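Worth saying up front: this structure is predicted, and the values here are computed from it rather than measured.
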Amino acid sequence: MSMVSCGNGHFFNDEEHSSCPFCGVGLELHATRPLAGEGGSPRPLADSGHTRAAGTPPPAGLGRDAGETRPVWAKRMGGVDPVVGWLVCVEGSERGRDYRLHTERNFIGRSPTMDVAITSDASISRENHAVISYNPKRHTFRFAPGDSRGLAYLNDEEVIAPVELAPYDLIELGETKLLFVPFCGERFVWPVDAPASPDQHGTR
């Protein structure tokens, strides 16, 4: 019997389960296990690089954009997609945990492949239950429903179209309530250098 860890502190038999039977996290995201033909020496499998709840960091050297299309603003920041705010779970199965928000669009769902993955709430759709976007030109946040069946609420009101977020707005998805905490806005923004124009290099 081969016991592996999902990364959330649960151990299970990977010969019987392809994902953690306790929290649903797949082996391909957190576990290390022997690879065939290598003498049983373990090697970390590829990580998705998406936001997890605090306490379950991705393996060293892997960031949010590992193997993915890099947002324009991250490219201008020298390859770093900086944190622009957080969601903090104040009610639900992951109460007390926080989730980072980055520039442009952050998709929220139960699947570990989502930008904000709330894996333990079965009432949240696996993919695209909702989305939070950060506009790095205007330094504003917007909240919108996704393309799933589940509803999304903002301050107890159903959200049917994108709406602007204010600090400490309360978001409700399934049985989870999340407090929105911005980092970027009126008091701080990440300084971003604009792409160099041809004139700056002495060519036209």
When you compare the side chain of Glu127 with that of Met114, does any pair of heavy atoms fall below 4.5 Å? yes
Looking only at non-hydrogen atoms, find the nearest pair between Arg105 and Val131 and report the distance. CB-CG2, 4.0 Å
Is there a side-chain contact between Val83 and Leu101, using heavy atoms and a 4.5 Å cut-off? no
Taking side chain to side chain contact (heavy atoms under 4.5 Å, CB included) as the definition, give me every residue that meets it alongside Arg187, ordered by chain and number, with sequence neighbours left out. none
So, does Asn155 use its side chain to make a donor-acceptor pair with the main chain of Leu170 at under 3.5 Å? yes
Taking all atoms of both residues into account, what is the closest heavy-atom pair of Arg149 and Ser125, and its distance? N-OG, 4.3 Å
Are Leu87 and Ile132 packed together at the side-chain level, in the sense that at least one heavy-atom pair is separated by less than 4.5 angstrom? yes
Looking at Asp169 and Leu165, would you say the former's side chain and the latter's main chain have a donor-acceptor pair under 3.5 Å? no
My understanding is that only residues two or more places apart in sequence, or in another chain, count here; which of them pass side chain to side chain contact (heavy atoms under 4.5 Å, CB included) with Val159? Phe143, Pro145, Leu154, Val163
Do the non-hydrogen side-chain atoms of Ile118 and Leu178 ever get within less than 4.5 Å of each other? yes
Side-chain donor/acceptor of His129 to backbone N/O of Ile108, under 3.5 Å: no
Identify, with sequence neighbours excluded, every residue that meets side chain to side chain contact (heavy atoms under 4.5 Å, CB included) alongside Glu158. Leu151, Tyr153, Ile160
Any residue meeting ring pair (Phe, Tyr, Trp, His ring centres under 6.0 Å) with Phe188, in chain and number order, not counting sequence neighbours: Phe183, Trp190
Heavy atoms of Tyr99 and Cys89 approach each other most closely as CE1-CB, 4.3 Å
Hey, does the side chain of Arg110 reach the backbone of Ile124 with a donor-acceptor pair shorter than 3.5 angstrom? yes
Heavy-atom check, side chain of Thr176 versus side chain of Ile171, under 4.5 Å: no
Taking only residues two or more places apart in sequence or in another chain, which ones pass ring pair (Phe, Tyr, Trp, His ring centres under 6.0 Å) with Phe141? Tyr134, Phe180
Can you list everything that forms a side chain to side chain contact (heavy atoms under 4.5 Å, CB included) with Glu175? Sequence neighbours excluded, please. Asp121, Ser123
How long is the span from the CD atom in Glu94 to the OG atom in Ser120, to the nearest 0.5 Å? 3.5 Å
Is it the case that the side chain of Glu104 and the backbone of Asn135 share a donor-acceptor pair, with hydrogens and angles ignored and the cut-off at 3.5 Å? no
Roughly how far, to the nearest 0.5 Å, is the OG atom of Ser133 from the CZ atom of Phe107? 9.5 Å
Spatial distance of atom CZ (Arg100) from atom CG (Asn106) [nearest 0.5 Å]: 12.0 Å
I'd like to check Thr119 versus Pro112 (side-chain heavy atoms, cut-off strictly below 4.5 Å). Are they in contact? yes
Between Asp81 and Thr103, is a side-chain contact (heavy atoms from CB on, under 4.5 Å) present by the stated rule, with each step listed? CA-CA 7 Å; Asp81 192 1; Thr103 56; 2.8 Å; yes
